[in-house]
A.B. asks: 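Please see the structure below; I have some questions.
As the structure is a prediction and not an experimental result, all values here were calculated from the model. These numbers come from the heavy atoms of this one structure, side chains and all, not from hydrogens, waters or symmetry mates. Just so it is clear: chains get the letters A, B, ... in the order the sequence lines come, proteins before strands, and each one is counted from 1.
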There are 2 protein chains.
Amino acid sequence: MKLADTVAPIRPATAAFDVDALAPHLPTTRRRLRTGQHLYRAGQAFHALYFVHAGFLRTSLVADDGREQVTGFPMRGDLVGCDAIGAGAHIGDAIALDTCEIVELAYPAVLDACRGVPALHGMLAEAMGAELRRDRARLLALATLSAEQRVAWFLRGLARRQRALGYSAHHLCLRMSRVDIGNYLALKHETVTRALSHLDADGVIAVERREVRIPCVERLDAAAGAGAAVASRAA
Amino acid sequence: MKLADTVAPIRPATAAFDVDALAPHLPTTRRRLRTGQHLYRAGQAFHALYFVHAGFLRTSLVADDGREQVTGFPMRGDLVGCDAIGAGAHIGDAIALDTCEIVELAYPAVLDACRGVPALHGMLAEAMGAELRRDRARLLALATLSAEQRVAWFLRGLARRQRALGYSAHHLCLRMSRVDIGNYLALKHETVTRALSHLDADGVIAVERREVRIPCVERLDAAAGAGAAVASRAA
DNA sequence: CGGTAAGTTGAGATCGTTCAACTCCAGTGG
DNA sequence: CCACTGGAGTTGAACGATCTCAACTTACCG
């Protein structure tokens, strides 16, 4: 079994979430966020998981000395907040990079709901398993790829996720800043810019500010290095 | 809420596992591994989670191009294999670095057992949540710390885990090679050696091959950098 | 129409890697 | 019993990728 088969397959787990079917078994609340609003902040009491119905967010981990690490860019179909389970409080921020529509799943009520909806149990476990795999695929990418390969890997991940949701994989609109990308990839924003410029010069992509065109996905795969089959990413 | 409070607290989740109490609700198998034996390999069908009752292992993620990333060094009280949930097969290897005693928890049978043992449900979720937090704390460490700080951070994590199990935090016996440590920390083995030598020269630790003495844990905390409160590690 | 945040680009400094030599130790077989 | 062999660890020196610092451009907002 290859990672490509285990990590990439478009997260059937979370994407298959039929949130509406849960309503009879669990208090679900809908929330709308505007760009820049927080879904939660580090330190806030943990009382719900969040299912992203629409929009684009940035999640991060905040250390008590102020250092911040971007942990993901959840979008439609992703489950947010799992890393607070068992901690009592959120360990980082979740902020909307776009207008978002969120479904709140009260915790631990959602565990009880597993009895009424047996399939939910496996789905929750699988969603968390998938998140672990993504974190580890990212670790592998950070540990083994050069700056330019990481940026290519990142773009490819975004493209795949878009495609999985039915959008084109040939055009991206980056909702996050270069600083966010750099933080996510353990690079400085200047290095991200340089990598993007270089990929552009090589004709792999066409960058214009936050618009990115990807004429040939295979070339981007190649630019992501040996790790051609190593993953998408998210949550 | 600080990370130190959420990540470090000695994993009550997994440590609290009372595996024996599960026996009536779930087929549990005990397994014994000798040093060098595999608990599972990348690609093997996933059919159980593993609870480490004794011993020390190394888990890794294996990419199809052969690149390998060490993902953790599970020891007593840790739950292994969660990252395969939903994938069908293991995405990496788990190998014994020591004589190990393992309790196999059949999956998905263990989910069904949650009905008979309600507390198990929350414990499983919390164990996975804790694993997510550890992965992310590690990401933060790799992204923000220098080579020497990472090595100090790694040693501190081991010391804390030992202490949590009731052993001394002042003496470590590294079961893994420098190469493994380097892979885990995204460094080359020479760099790991240099960092250890330098910490030794500074009097923070005393290294002799795989034996490490830690006279003053606070000094090690300081050497782990700003991230003084950022985490232990595991699974 | 300033003012500010985000992005780009260059040049030099730095940290970790690379390549290489050497030591130490355990296991093996003469 | 001891020389041999190979893996693991250590250390040095030079190189190179990324960071740092700094200047400049562009776009957006009041």
Side-chain angles (χ1 to χ4, degrees), chain A residues 34-36 58 67-70 73 95 97-98 141-155 172-202 205-213 223-226, chain B residues 34-36 58 67 69-70 95 97-98 141-155 172-202 205-213 223-226:
Chain A
R34 300 211 164 278
T35 305
R58 180 190 70 211
R67 285 180 306 159
E68 188 167 4
Q69 175 67 36
V70 173
F73 298 102
I95 189 170
L97 296 182
D98 200 357
L142 297 200
T144 62
L145 302 182
S146 70
E148 191 174 316
Q149 288 174 320
R150 284 184 223 177
V151 172
W153 175 86
F154 173 73
L155 293 176
L172 296 177
C173 177
L174 303 176
R175 308 310 211 301
M176 72 294 288
S177 71
R178 302 286 193 263
V179 173
D180 287 338
I181 299 174
N183 186 305
Y184 180 74
L185 295 174
L187 298 170
K188 296 299 165 189
H189 68 97
E190 296 99 324
T191 307
V192 173
T193 289
R194 275 186 249 274
L196 287 171
S197 300
H198 192 244
L199 288 168
D200 185 313
D202 282 2
I205 57 175
V207 188
E208 191 164 337
R209 289 239 137 205
R210 295 194 174 187
E211 304 288 328
V212 179
R213 281 190 306 107
Chain B
R34 300 211 163 279
T35 306
R58 180 190 72 211
R67 286 180 305 160
Q69 175 66 35
V70 173
I95 189 170
L97 296 182
D98 201 357
L142 297 200
T144 62
L145 302 182
S146 70
E148 191 174 318
Q149 288 175 319
R150 284 184 223 178
V151 172
W153 175 87
F154 173 73
L155 293 177
L172 296 177
C173 177
L174 303 176
R175 310 306 212 303
M176 72 295 285
S177 71
R178 302 286 192 263
V179 173
D180 287 338
I181 299 174
N183 186 305
Y184 180 74
L185 295 174
L187 297 170
K188 298 299 165 187
H189 68 96
E190 296 98 324
T191 308
V192 174
T193 288
R194 275 185 249 274
L196 288 171
S197 300
H198 193 244
L199 288 169
D200 184 313
D202 282 1
I205 58 176
V207 188
E208 191 164 338
R209 291 233 137 209
R210 295 194 174 185
E211 303 289 325
V212 180
R213 281 192 307 107

A.B. asks: Could you pull out the closest heavy-atom pair between A223(A) and L199(A), with the gap in Å?
C.D. replies: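 Nearest heavy atoms, A223(A) then L199(A): CB-CD2, 3.9 Å.
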A.B. asks: Working note: V70(A) + I181(A), criterion side chain to side chain contact (heavy atoms under 4.5 Å, CB included); need CA distance, chi angles, decisive distance, verdict.
C.D. replies: CA-CA 8 Å; V70(A) 173; I181(A) 299 174; over 6 Å; no
A.B. asks: What is the distance from CD of E211(B) to P of dC24(C), rounded to the nearest Å?
C.D. replies: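 So the two atoms are 18 Å apart, to the nearest Å.
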A.B. asks: Surrounding CZ of R210(A) (heavy atoms of other residues, nucleotides or ligands, distance under 6.0 Å), is the total greater than 12?
C.D. replies: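 Atom CZ in R210(A) is packed in, count exceeds 12.
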A.B. asks: Which class fits the ring pair Y184(B) and W153(B): parallel under 30°, tilted 30 to 60°, perpendicular over 60°?
C.D. replies: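 Y184(B) and W153(B): parallel rings.
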A.B. asks: Can you name the closest pair of heavy atoms from D98(B) and R175(B) and give their distance?
C.D. replies: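 Distance-wise, the nearest heavy atoms are OD2-NH2, 3.1 Å.
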A.B. asks: To the nearest 10 degrees, what angle separates the axes at the start and end of the helix from dC1(C)-dG30(D) to dG30(C)-dC1(D), five pairs each?
C.D. replies: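 Inter-axis angle at the ends, rounded: 30°.
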A.B. asks: Could you pull out the closest heavy-atom pair between A147(A) and T191(A), with the gap in Å?
C.D. replies: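 Looks like CB-CG2, 3.7 Å.
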A.B. asks: In the 5'-to-3' direction, what one-character label does each nucleotide of nucleotides 4-16 of chain C receive under the scheme B = base within less than 4.0 Å of a protein heavy atom, S = sugar-phosphate only, - = no such atom?
C.D. replies: --SSBBBB----S
A.B. asks: Hey, where on DNA chain D does chain A first and last touch, going 5' to 3'? Cut-off is any atom under 4.0 Å from a heavy atom.
C.D. replies: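 Here the contact window of chain A covers dT18(D) to dA27(D).
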A.B. asks: List in chain and number order the residues that pass side-chain hydrogen bond (donor to acceptor under 3.5 Å, both in side chains) with E190(A), two or more places apart in sequence or in another chain; answer none if no residue qualifies.
C.D. replies: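 Per chain and number, E190(A) pairs via side-chain hydrogen bond (donor to acceptor under 3.5 Å, both in side chains) with no residue.
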A.B. asks: Return the set of residues passing side-chain hydrogen bond (donor to acceptor under 3.5 Å, both in side chains) with H198(A) (not counting sequence neighbours), or none when no residue passes.
C.D. replies: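 Expected list: E148(A).
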A.B. asks: Which pair of heavy atoms, one from A186(B) and one from L142(B), lies closest together, and at what distance?
C.D. replies: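 Looking at all heavy atoms of both residues, the shortest contact is CB-CD1, 4.1 Å.
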A.B. asks: If the condition is salt bridge (charged side-chain N to carboxylate O under 4.0 Å, His left out), which residues does R194(B) pass it with, not counting sequence neighbours?
C.D. replies: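 R194(B) satisfies salt bridge (charged side-chain N to carboxylate O under 4.0 Å, His left out) with no other residue.
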